[in-house]
Amino acid sequence: MGSILRAWTAMAEKQPLLTIAVTNGTLGGIGDLLAQTIECHNSKKRFTWNPQRTLRFVAWGAMCAPIFHKWYQFLNRKLPLPATQKQVINKGFVAAVTQRVAADQCIYAPMGIAGFYVAMNFMEGRNWESAKARLREYYWPTLAANYAVWPIVQAINFGFVPPIYRVPFSSIVSIFWNSFISWANAQSSSAVDIPMETAHTHVEPHRHETIDVKA
């Protein structure tokens with residue numbers, strides 16, 4: 001394990017964005033595989049892998065990783081930890097970490113969750129009406145679940161994890177988080193099935209309505 005970590009660190013120091021993108025994309029795919037496995041187990045059906053769905057999570061993870069990296073760098077610059085007290089838990093340390101977590105959860109998290117549902121919607125070949133329906137149905141429950149998990153995770157991340165490992169740390173936690181949002185997105189996909197909009201058709205989706213379109 002130590003040799004793997006050293007090899008990853010060496011690659012991250014040479015090619016940080018590429019290394020983080022590959023790592024985050026891989027972990028995103030693992031999270032979706034776990035979600036698909038849980039779904040099949042809960043439904044008592046034989047496991048059938050949906051590779052297109054997993055690839056969408058790989059793509060999303062890889063796309064987001066450079067944004068994570070730049071966001072964390074921004075927080076490091078704008079909200080630095082006390083220079084001489086990084087390992088001391090005192091008022092200055094707690095205040096700095098709290099500010100970072102607050103910024104992350106008030107700015108990045110709401111936009112990231114919205115971006116996830118919109119991106120997945122379009123990667124599935126759906127239109128903007130479907131994206132809006134998906135957001136109406138699942139945005140707020142997902143954001144609430146985020147606030148139950150990520151503030152404490154990010155407090156640990158920002159306070160105690162070295163900067164080079166912060167994206168991988170959050171990515172490892174994201175295996176389980178991605179399992180949840182993959183499951184949530186799959187529920188939204190089955191709940192809102194809307195045909196591609198044409199110049200002559202405008203469909204306003206309804207909650208929990210499935211629309212079948214025949215050629």
Side-chain angles (χ1 to χ4, degrees), residues 20-21 23-39 42 53-54 56-76 78-79 94-124 126 130-161 163 165-192 207-208:
I20 290 170
T23 302
N24 212 48
T26 301
L27 293 174
I30 292 172
D32 177 68
L33 278 172
L34 180 59
Q36 291 191 42
T37 302
I38 292 171
E39 289 165 20
N42 289 344
R53 175 175 145 180
T54 301
R56 287 194 289 269
F57 269 80
V58 172
W60 174 252
M63 288 188 297
C64 286
I67 302 174
F68 290 160
H69 182 66
K70 295 298 182 181
W71 171 245
Y72 289 169
Q73 287 182 330
F74 172 80
L75 293 179
N76 289 345
K78 298 299 183 180
L79 301 170
V94 171
V97 171
T98 300
Q99 288 174 338
R100 289 185 180 189
V101 172
D104 185 68
Q105 294 301 299
C106 293
I107 299 173
Y108 188 87
M111 293 191 298
I113 291 171
F116 164 78
Y117 280 120
V118 171
M120 286 293 166
N121 178 81
F122 289 116
M123 281 193 282
E124 291 165 7
R126 301 170 187 269
S130 174
K132 290 191 292 184
R134 189 171 297 193
L135 288 171
R136 282 196 299 269
E137 190 75 15
Y138 290 95
Y139 176 78
W140 293 110
T142 305
L143 187 61
N146 167 86
Y147 288 144
V149 174
W150 282 100
I152 189 169
V153 171
Q154 293 296 58
I156 296 169
N157 199 14
F158 294 142
F160 302 101
V161 178
Y165 299 124
R166 283 178 186 157
V167 173
F169 175 81
S170 61
S171 298
I172 291 171
V173 177
S174 289
I175 290 177
F176 304 99
W177 173 250
N178 285 343
S179 296
F180 167 74
I181 62 173
S182 177
W183 171 84
N185 185 66
Q187 304 311 300
S188 69
S189 297
S190 60
V192 183
R207 292 164 63 94
H208 303 298

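Residue numbers run from 1 in the order of the sequence given. Side-chain atoms are counted along with the backbone in the values below, which use heavy atoms only and exclude waters and symmetry mates. Small disclaimer: the values here were computed from a predicted structure and weren't measured.
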*Does one side chain, of Q154 or Y72, offer a donor that lies under 3.5 Å from an acceptor on the other?*
yes

*Listed by chain and number, what are the ring-ring contact (aromatic ring centres under 6.0 Å, His included) partners of F68, not counting sequence neighbours?*
Y108

*Over all heavy atoms of both residues, which pair between N121 and S130 is shortest? Give the atoms and the distance, please.*
OD1-OG, 2.7 Å

*asked:* Quick check: do T23 and L27 have side-chain heavy atoms less than 4.5 Å from each other?
replied: yes

*Do F169 and I156 touch side chain to side chain, with heavy atoms closer than 4.5 Å?*
yes

*asked:* Using a strict threshold of under 4.0 Å (side-chain N to carboxylate O), is an ion pair present between E137 and K132?
replied: no

*Is there a side-chain contact between Q105 and N146, using heavy atoms and a 4.5 Å cut-off?*
yes

*Does the side chain of D104 come under 3.5 Å of the side chain of W71 through a donor N or O and an acceptor N or O?*
yes

*Separation between OH of Y139 and OH of Y117, rounded to the nearest 0.5 Å*: 10.5 Å

*Side chains of H69 and R166: closer than 4.5 Å at any heavy-atom pair?*
no

*If you measure only the distance, is there a donor-acceptor pair under 3.5 Å linking the side chains of R100 and N76?*
yes

*Please report the shortest heavy-atom distance between L75 and A103, naming the atom on each side.*
CD2-CB, 3.9 Å

_Looking at every non-hydrogen atom in both residues, tell me the closest pair between A21 and A65 and how far apart they are._
CA-CB, 3.5 Å

*Taking all atoms of both residues into account, what is the closest heavy-atom pair of S170 and N157, and its distance?*
CB-ND2, 4.0 Å

*Which heavy atom of G61 sits nearest a heavy atom of N24, and at what distance?*
O-ND2, 2.8 Å

*Report yes if some heavy atom in the side chain of V173 is under 4.5 Å from a heavy atom in the side chain of W150; otherwise report no.*
yes

*Calculate, to the nearest 0.5 Å, the distance between atoms CZ and CG belonging to F116 and L135 respectively.*
11.0 Å

*Might you point out which heavy atoms bring V149 and I152 nearest each other, and give the distance in Å?*
O-CG2, 3.3 Å

*How long is the gap from OG on S171 to CD1 on I30, to the nearest 0.5 Å?*
10.5 Å

*Heavy-atom distance under 4.5 Å between the side chains of M120 and R126, does that happen here?*
no

*Point-to-point distance, once rounded to the nearest 0.5 Å, from CG of D32 to CD1 of I175*: 12.0 Å

*Apply ring-ring contact (aromatic ring centres under 6.0 Å, His included) to F122 and list each qualifying residue two or more places apart in sequence or on a separate chain.*
none

*asked:* Ring centres under 6.0 Å, that's the criterion: do W60 and F57 meet it?
replied: no

